Amino acid sequence: MKNTFLIVGRSFSSLVKSIEDRGDDWILLKDSNINKASRPNQINVDFSNTEKLNAEVQKLKSEVDGVIAIYENYIVVASEIAEMLGLPAQPLESARACTDKELMRTKFLTSKTPISPDFKNISNIDEALLFAEKYGYPLILKPANLAKSLLVLKCSNQHELKTNYRSMTNQINKVYEKHAPRQQPKIIIEEFMEGSIHSVDGFIDSQGKPTILPEIVDYQTGYDIGYDDNFHYSRILPTNLNQEQQASVIQTAKLGCNALGMKNSAAHIEIIMTKKGPRIVEIGARNGGYRERMHKLANDIELLDIQLDIKLGKSPNINVLSHSPVAVLELFPKKAGIFSGIDHEKEVHNLSSLIYFKTKQKLGDYVGKAGDGYKMCAIIILHNPDPKQFKKDLDFVNKKVKVITK
């Protein structure tokens, strides 16, 4: 039986290919505030105009079998649309919690086992300083409802807290306008969690039962490689965690999904392995960034295909068919300035493990830290069935390949 999926807000080529490879159809309900270009299978609508959006959705009532959003900004509206059409939907309250870290952290408090850091929503520096008096330093300042480490700032002392808060509030409206135009800026302060960073993806069925992938991704942040910035530098499979640690990460991920009341949804769970055990940084109601490609290369798993099944109300069917190393690296500048290229770029193109390399900024652009609201300068993906060659190529990138600014 052929199904039709409604893609909400924005799409990308891999999603369309996955749908078509299944023999299914798709319709893109495109956010016209992003791009008004008309294409086949596309309906342009202003997502800020609820009346017009609802009218367009009602026209599709008999045509659509599943609703999917793969970008953070459209998770909530996709939930609303699925409910409107009477299709498998993530509960609206859960969708809102997955896109707002204040709501998320509040729901995590209902877990019988501690699974996240203490936090507070703040509206001025005095509230931040009171939190610091109670918990000490370091602390983390972050927007409650942005993605990709934008404006996430570590504060090691009172001076840094005051400076970072002032810097964040000076930039926050501009960053939200660019990356989350339908969200209201909101800031939280939380305990800094010391430990290694990991993530795992999963799927929650229509009964609220989470199935978590057994494959855990290890992270390095900018801080880990000597940068004064909290971006995710590398994502690597397989994990270095031992079996006991892996089991605790997967159990904590399940507790987090249950606390958020997730159903009919993918889940991307970021976790820090602290001395007290795993603590959740956040859960997104989507596959993690680059995860479709990473798990296909490393484990021969089709994450998008599983997510599409979930959106039809089916249970997830996950079969890990292979194990080989893969890494995704996002390059940011160590020092803000004019983007002048990537050091050793020619050698990168000759690495036998190279799968993908793309610069994301133009020569001459001003580039800076993720903590100041800037995006990465380049992306590198490495994969090799030969672990020794993979390690050799990864070591070269880690030691030699940097963003050049002037």
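This is a predicted model, so every value here is computed, not measured.
For Asp100, the side chain to side chain donor-acceptor pair (under 3.5 Å) partners two or more places apart in sequence, or in a different chain, are Lys186. Partners of Tyr74 by ring-ring contact (aromatic ring centres under 6.0 Å, His included), not counting sequence neighbours, listed by chain and number: Phe47. Under the rule for a side chain to side chain donor-acceptor pair (under 3.5 Å), the partners of Glu93 that lie at least two apart in sequence or sit in another chain are Lys107. Annotation: ring-ring contact (aromatic ring centres under 6.0 Å, His included) contacts of His349 (sequence neighbours excluded): Phe357. Residues meeting the ring-ring contact (aromatic ring centres under 6.0 Å, His included) test with Tyr227, sequence neighbours left out: Phe231. Scanning for side chain to side chain donor-acceptor pair (under 3.5 Å) contacts around Arg105 gives Glu190, with sequence neighbours left out. Every residue two or more places apart in sequence or in another chain was checked for a ring-ring contact (aromatic ring centres under 6.0 Å, His included) with His198, and none qualifies.
Residues Glu345 and Glu347 fail the side-chain proximity criterion, which asks for heavy atoms closer than 4.5 Å. In this structure, Ser14 and Glu292 have side chains that are not in contact, with every pair of non-hydrogen atoms separated by 4.5 Å or more. Using a 4.5 Å heavy-atom threshold, the side chains of Leu237 and His295 count as touching. A 4.5 Å side-chain heavy-atom check between Leu29 and Leu53 finds at least one atom pair inside the cut-off. Looking at Asn299 and His323, their side chains come closer than 4.5 Å, going by heavy atoms from C-beta outward. Using a 4.5 Å heavy-atom threshold, the side chains of Cys98 and Met262 count as touching. When side chains are defined from C-beta on, Ile310 counts as touching Pro316, because their heavy atoms get closer than 4.5 Å. Using a 4.5 Å heavy-atom cutoff, the side chains of Ile342 and Thr359 are in contact.
For the atom pair Ile204 CD1 and Cys257 SG, the distance stands at 4.0 Å (nearest 0.5 Å). Once rounded to the nearest 0.5 Å, the distance linking OG1 of Thr99 with CZ of Arg286 reads 10.5 Å. Separation of atoms CD1 (Ile189) and CG (Leu153) is listed at 11.0 Å; rounding is to 0.5 Å. Lys360 NZ to Leu331 CG: the interatomic distance, rounded to the nearest 0.5 Å, is 12.5 Å. Distance CZ/Phe203 to CD1/Ile318: 5.5 Å, rounded to 0.5 Å. For the atom pair CG (Asp229) and NZ (Lys154), the distance works out to 12.0 Å, reported to the nearest 0.5 Å.
For the residue pair Asn54 / Glu56, no side-chain donor-acceptor distance below 3.5 Å is found, with atom types taken as modelled. Side chain to side chain, Thr221 and His232 fail the donor-acceptor criterion of an N or O pair below 3.5 Å. A donor atom on one side chain and an acceptor atom on the other are not found under 3.5 Å apart for Ser234 and Tyr219.
Closest approach of Tyr165 and Ile187 over heavy atoms only: CE1-CD1, 4.1 Å. When every heavy atom of Gln90 is checked against every heavy atom of Ala285, the shortest pair comes out as OE1-CB, 3.2 Å. In plain terms, the two heavy atoms of Ile7 and Val16 that are nearest each other are CD1-CG2, 4.4 Å. Taking each heavy atom of Pro91 and Ser79 in turn, the nearest pair found is C-OG, 3.7 Å. The two residues Lys162 and Ile125 come nearest to each other via the heavy atoms CA-CD1, 4.0 Å. Across all non-hydrogen atoms, the minimal contact from Ile271 to Ala253 is CD1-N, 4.2 Å.
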- Evaluation steps, side chain to side chain contact (heavy atoms under 4.5 Å, CB included), between Met273 and Val249: CA-CA 8 Å; Met273 182 61 72; Val249 165; 3.5 Å; yes
- Before giving the answer on side chain to side chain contact (heavy atoms under 4.5 Å, CB included), spell out for Ile269 and Asp201 the whole-Å C-alpha distance, their side-chain angles and the decisive distance to 0.1 Å. CA-CA 6 Å; Ile269 307 102; Asp201 280 44; over 6 Å; no
- Might you work through the side-chain hydrogen bond (donor to acceptor under 3.5 Å, both in side chains) test for Ser18 and Asp305, ending with a clear yes or no? CA-CA 6 Å; Ser18 291; Asp305 200 42; over 6 Å; no
- side chain to side chain contact (heavy atoms under 4.5 Å, CB included) between Ile122 and Leu141, intermediate numbers included: CA-CA 10 Å; Ile122 58 172; Leu141 275 177; 3.7 Å; yes
- Task: Take Arg279 and Thr252, measure what side-chain hydrogen bond (donor to acceptor under 3.5 Å, both in side chains) needs, and give me the verdict at the end.
- Result: CA-CA 8 Å; Arg279 295 293 184 269; Thr252 299; over 6 Å; no
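Test Leu6, Ile81, Thr4, Val67 against Leu60 for side-chain contact (heavy atoms from CB on, under 4.5 Å) and you get one pass: Leu6.
Taking 4.0 Å as the cut-off between side-chain N and carboxylate O, Asp205 and Lys209 do not count as a salt-bridged pair. Between Arg235 and Glu330 there is a salt bridge, since at least one side-chain N of the basic residue sits less than 4.0 Å from a carboxylate O of the acidic one.
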Distance-only criterion, 3.5 Å: show the donor-acceptor pairs between side-chain atoms of residues 126-138 and protein atoms not counting sequence neighbours.
unit_1, atom_1, unit_2, atom_2, d
Glu127, OE1, Ser123, N, 2.6
Glu127, OE1, Ser123, OG, 3.2
Tyr135, OH, Asp118, OD2, 3.0

Using atom types as modelled, flag every donor-acceptor pair under 3.5 Å from a side chain in residues 393-406 to any protein atom, sequence neighbours excluded.
unit_1, atom_1, unit_2, atom_2, d
Asp393, OD1, Gln389, NE2, 2.9
Asp393, OD2, Ser352, OG, 3.3
Asp393, OD2, Ser353, N, 3.0
Asp393, OD2, Ser353, OG, 2.6
Asp393, OD2, Gln389, NE2, 3.4
Asp395, OD2, Lys391, NZ, 2.9
Asn398, OD1, Tyr233, OH, 2.8
Asn398, ND2, Leu394, O, 3.4
Lys402, NZ, Asn398, O, 2.8
Thr405, OG1, Lys335, O, 2.9

Which atom pairs, donor and acceptor, lie under 3.5 Å between side-chain atoms of residues 362-372 and protein residues at least two apart or in another chain?
unit_1, atom_1, unit_2, atom_2, d
Asp365, OD2, Lys362, N, 3.0
Lys369, NZ, Asp228, O, 3.2

Identify each donor-acceptor pair in which a side-chain atom of residues 171-181 lies under 3.5 Å from a protein atom, sequence neighbours left out, and give them as a table.
unit_1, atom_1, unit_2, atom_2, d
Gln171, NE2, Ser167, O, 3.2
Gln171, NE2, Ser167, OG, 2.9
Tyr176, OH, Asn145, OD1, 2.2

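Among pairs with a residue in residues 308-322, those fulfilling side-chain hydrogen bond (donor to acceptor under 3.5 Å, both in side chains) read Arg22-Asp309, at least two apart in sequence or across chains.
With Tyr356 as the aromatic partner, Arg293 meets the cation-pi criteria of under 6.0 angstrom to the ring centre and within 45 degrees of the ring axis.
Within a 6.0 Å sphere centred on CD of Glu20, other residues, nucleotides and ligands contribute more than 12 heavy atoms.
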